[in-house]
Amino acid sequence: MAVKIGVVGSINLDLVASGAPLPAPGETVTGARFAQHPGGKGANQALAARRLGADVVMVGCVGDDTLAEPALAMLRAEAVDVSGVMFEVGVPTGVALIAVSPEGENQITVASGANAQVSERDAINLPMCDAVLCQLEVPIQAVIAAMAAEVERGLFAVNLAPAIEVPDSLLRLADLLIVNEIEAAFYGDALHAGKGLVALTLGGEGAVLYRAGVEVVRADAFDVAVVDTTGAGDTFCGALVLALAEGQGEADALRFASAAAALAVTKPGAQPSLPRREAVEILLAKG
Ligand code: RIB
């Protein structure tokens, strides 16, 4: 039976300009290609877990504007349960303005819109799940409420992205914290104050799992051609939580998540690039 994962998080529409160099502050660059995709760290992680085989329920907020349904389109198409997503009256749907360089690196500015309306009540309305996964693009009160509801009954994971000040209790009590190098530098030693696992992603250098500050296991990065890194971190989060919730061992789960993230960078866009389970298993078998 599929594991059930709850996600409390952001839902955006991504407006992407790719193929031109990233602009410096005050600079205008031309020559980019435009594309529009559903996005948001929460929605991306929900869809990542779904494509890899989980039953997923998503809690979040969109606006009552014309961007709401395009932002939800891929979640609906893949049967993520979005019955707990609220349509906020008079508020715009979240939008992310994304520039992607010819090398596949990105710059992202988010206009949070309705994501700022996600409440503690929305978060505790999640049904029973094997795991709950949050990020920091929605109000921290909702994340803390989700943790309080889940931590005694299943795996509670939080991707500390984007890095913001959070209550110590979140860092101490979560079962799994997931960070990249920038976020790890922001939180410092406080990341390792709890009893849970900490997953650190290192881009082309792979990923590491720690417990209480001690390295548990390390996974090398898979050698792939980078097209667009947008959504790779979200893929890693969805995949790692799915794998741990399925009962995979820590080494296997880290390798599974690394393989999924590697596949995500080989295609443009966040949600369009999220891999399916079969593709991850093929890459794992190839080594
Ligand atoms: O992690 C990538 C995501 O960050 C994008 O989809 C964008 O919407 C922002 O939330």
Side-chain angles (χ1 to χ4, degrees), residues 7-18 22 34-51 56 58-63 65 67-75 78 80 82 85 92-101 104-118 133-140 142-143 157-164 178-184 186 199 201 203 207 226-241 257 260-275:
V7 176
V8 178
S10 55
I11 301 166
N12 292 335
L13 193 66
D14 290 354
L15 305 180
V16 186
S18 56
L22 300 180
F34 175 71
Q36 171 179 308
H37 313 289
K41 294 187 194 304
N44 296 347
Q45 293 178 21
L47 191 64
R50 175 71 188 141
R51 286 206 178 140
V56 180
M58 167 102 211
V59 165
C61 292
V62 292
D65 54 10
L67 304 186
E69 284 302 333
L72 290 170
M74 286 196 184
L75 295 177
E78 306 256 355
V80 171
V82 291
V85 172
T93 297
V95 168
L97 304 178
I98 303 182
V100 182
S101 75
E105 286 188 313
N106 63 45
Q107 279 177 344
I108 304 179
T109 302
V110 175
S112 297
N115 293 303
Q117 308 293 315
V118 178
L133 172 58
C134 296
Q135 319 73 33
L136 302 179
E137 286 186 330
V138 296
I140 190 67
V143 176
V158 58
N159 172 212
L160 294 166
I164 55 168
I178 307 168
V179 289
N180 64 19
E181 289 167 281
I182 295 171
E183 293 139 10
F186 179 88
T201 59
V226 178
V227 172
D228 180 359
T229 56
T230 315
D234 297 329
T235 308
F236 181 91
C237 295
L240 183 62
V241 169
L263 289 170
V265 306
T266 63
K267 293 187 183 157
Q271 292 190 16
S273 73
L274 303 175

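When a ligand or atom number is given, it counts from 1 through the structure's own listing order.
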Can you name the closest pair of heavy atoms from Pro139 and Ala116 and give their distance? CG-O, 3.3 Å
Residues which pass side chain to side chain contact (heavy atoms under 4.5 Å, CB included) with Val59, listed by chain and number, not counting sequence neighbours: Val8, Asp122, Leu126
Please name the residue in the list Lys41, Gln135, Gln45 that meets the side chain to side chain donor-acceptor pair (under 3.5 Å) test with Asn159. Gln45
Any protein N/O atoms within less than 3.5 Å of an N/O atom in ligand 1? List the atom names and distances, or say none.
unit_1   : atom_1 : unit_2 : atom_2 : d
ligand 1 : 1 (O)  : Lys41  : NZ     : 2.9
ligand 1 : 1 (O)  : Asp234 : OD2    : 2.7
ligand 1 : 4 (O)  : Lys41  : NZ     : 3.2
ligand 1 : 6 (O)  : Asp14  : OD1    : 3.4
ligand 1 : 6 (O)  : Asp14  : OD2    : 2.6
ligand 1 : 6 (O)  : Gly40  : N      : 3.1
ligand 1 : 6 (O)  : Asn44  : ND2    : 2.9
ligand 1 : 8 (O)  : Asn12  : ND2    : 3.0
ligand 1 : 8 (O)  : Asp14  : OD1    : 2.6
ligand 1 : 8 (O)  : Gly40  : N      : 2.9
ligand 1 : 10 (O) : Asn12  : ND2    : 3.2
ligand 1 : 10 (O) : Lys41  : N      : 3.4
ligand 1 : 10 (O) : Glu137 : OE1    : 3.0
ligand 1 : 10 (O) : Glu137 : OE2    : 2.8

Quick one: closest heavy-atom pair of Ala239 and Ala257, and the distance? CB-CA, 3.7 Å
Quick one: are Arg50 and Met74 in side-chain contact, heavy atoms under 4.5 Å? no
Pair Ser10, Asn12: side-chain N/O donor-acceptor within cut-off below 3.5 Å: no
